[in-house]
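Notes to accompany the following structure.
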Protein chains: 2
Amino acid sequence: MVDKAISNLFEHLFKMDTLSGHDTKEKILNVAEELFAQHGFDSTSMREITGKAHVSLALVNYHFGSKEKLLIALVEKHFSAINEERRRIYEALRRDFEDKPIPLETILRATIKPFSEKMHQTPQKIMGLVQINSHQIKNNPSFWADMWRKHFSDITEWFVREIHLTLPNLSEDDIYFRFHFMIGCMLSSIANPDRLELISKDKIRIAESEDRYQEELIRFCINAFTD
Amino acid sequence: MVDKAISNLFEHLFKMDTLSGHDTKEKILNVAEELFAQHGFDSTSMREITGKAHVSLALVNYHFGSKEKLLIALVEKHFSAINEERRRIYEALRRDFEDKPIPLETILRATIKPFSEKMHQTPQKIMGLVQINSHQIKNNPSFWADMWRKHFSDITEWFVREIHLTLPNLSEDDIYFRFHFMIGCMLSSIANPDRLELISKDKIRIAESEDRYQEELIRFCINAFTD
DNA sequence: GTCTATAGAACGATAGAC
DNA sequence: GTCTATCGTTCTATAGAC
């Protein structure tokens, strides 16, 4: 027990003392995010990351253990941030609406906005991180299942419960299917926004329509839930 | 001219004579498709491909020129097959409906089915091929634009024109946005069907709901186009 | 057309000095 | 915590025999 306390104390002092170390870790994380999103996981070498971050090659392994664990740290960082904001909004909504159903649009907005806004903050295509091609992660069949359970179970439960309250005519299965397609829609919108410019023959420019893009996505999903 | 004729003749005899060669090319294509889809482009080595195809490493370069060109050949093969079927259906529909608008559901079914059925034929997740991480392809900014213009321009034009006829209240931009999100939906549904099992906590099993999966996707899109 | 053998480059990881 | 140097591996691509 005393050992534990002393160890904690040292850990604390240690952390206080090495904000510069923290900066390096953060810098690697930021550069890796940009490069992974741009080129994908496998096409991004640790030499690229550390080169662009102006730190030595060895520091990825020192701070994260491996290239793969760096990726996982990165993905989880974003999942946490997005879902924490959702939880915050969800709780406020339930409080505000007491026992009444929350309007569909409000539910969808609360779910989509924390995601697509976070994505605009980090202008890189974050989905390069989620559509991962790493062998080891793919060969661990429970990786995504574990990730899902850790970060998204409660979000899903809230969403399904609230949609059920708001749209009692939809069966449970209906809601599952539509939530699934809606997520696909969100992911793909963020991962490949350029396609809209191709489809519209450059009549719509993403850069000039950022707000509209989000609003159209929300409207698309509102419709999709409404028979 | 005579040269050309002779050359064509030789080419013909050559092809007749080397069905085994054709088999090898096809075999490489099939194995590559499976592995690219499973592990992604960068994580699949030519050694893996040629090993599993029981041919020598050098044959990929002989038949396709490079690993990258093999991928492009593969992607284009599928694009062609899917879109040829769409064109066939589209033409028949326009003929059948004379000058009348085609019902929304019929338009969407004609667009979605050739895609999602093709995907079930090749059980591999074909989207591993489309969400490509290759440096060279990504660094060629016009690669996807060229691909799009070559394979999807006419499909898009037909779709936009018909939707406009059927749903005259939608603006041109509205149609572009929704077609864009719909494609995202289709791609993501095929790329990550497992997510539905996670969402539903295994209450819905993909293997047992293949037809329903497609029908729910179509319904989702019908709704999405209907305000 | 198909093979073996290998060149040449890039990668992830780690040991060891500071 | 950060660095340099390097090990061992694996990759794509190609040369050359058959």
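Quick note on labels: first sequence line is chain A, next is B, and so on, each numbered from 1.
- I49(B) has its CD1 atom 17 Å from the P atom of dT10(D), to the nearest Å.
- Between E48(A) atom CD and dA9(C) atom C1' the separation is 15 Å, expressed in whole Å.
- Ranking dT4(C), dA13(D), dG12(C) by closeness to the N61(B) side chain, first place goes to dA13(D).
- Nucleotide dC3(D) holds its C1' atom 14 Å from the NZ atom of K27(A), rounded to whole Å.
- When distances run from any side-chain atom of S45(B) to the nucleotides dC11(D), dC3(C), dA5(C), the shortest one goes to dC11(D).
- V60(A) comes within 4.0 angstrom of no nucleic acid atom, judged by non-hydrogen atoms across all strands.
- Defined by atom type and a distance below 3.5 Å, a donor-acceptor pair is missing between the side-chain atoms of H180(B) and E216(A).
- Distances were taken from every side-chain heavy atom of L57(A) (C-beta onward) to each of dA13(C), dC3(C), dA13(D); the shortest belongs to dA13(C).
- In the set dG1(D), dA13(C), dT4(C), the nucleotide with an atom closest to the side chain of K67(A) is dA13(C).
- Which of dT2(C), dG12(C), dC3(D) sits closest to the side chain of Y62(B) comes down to dT2(C).
- Straight-line distance from the CG atom of D42(A) to the P atom of dC11(C): 12 Å, rounded to whole Å.
- Residues L59(A) and R47(A) each lie close to DNA chain D; by heavy-atom proximity, the contact nearer the 5' end of the strand is made by L59(A).
- Taking atom CZ of F64(A) as the reference point, atom C1' of dG1(D) lies 13 Å away to the nearest angstrom.
- Heavy-atom minimum distance, A224(A) versus R178(A): O-NH1, 3.2 Å.
- A donor and an acceptor atom, one from each side chain of Y90(B) and T111(B), are located under 3.5 Å apart.
- The pair E85(A)-K113(A) does not meet the salt-bridge criterion, since no charged nitrogen lies less than 4.0 angstrom from a carboxylate oxygen.
- The terminal axes of the helix from dG1(C)-dC18(D) to dC18(C)-dG1(D), fitted over 5 pairs per end, subtend an angle of 0° to the nearest 10°.
- Between the P atom of dC11(C) and the CD atom of E68(A) lies a distance of 17 Å, rounded to the nearest Å.
- Summarising the geometry, the separation between NE2 on H54(B) and P on dG1(C) is reported as 22 Å, rounded to the nearest angstrom.
- Rounded to whole angstrom, the span from the CG atom of L71(A) across to the P atom of dA13(C) amounts to 12 Å.
- A cation-pi arrangement is present between K67(A) and F41(A), with the terminal nitrogen or guanidinium carbon under 6.0 Å from the aromatic centre and inside a 45° cone about the axis.
- The local environment of NZ in K201(B) is sparse, with at most 12 non-hydrogen atoms from other residues, nucleotides or ligands closer than 6.0 Å.
- For dT2(C), the OP1/OP2 oxygens have a side-chain nitrogen or oxygen of T24(B) closer than 4.0 Å.
- Listed here is the closest heavy atom pair of D173(B) and R212(A): OD2-NH1, 3.2 Å.
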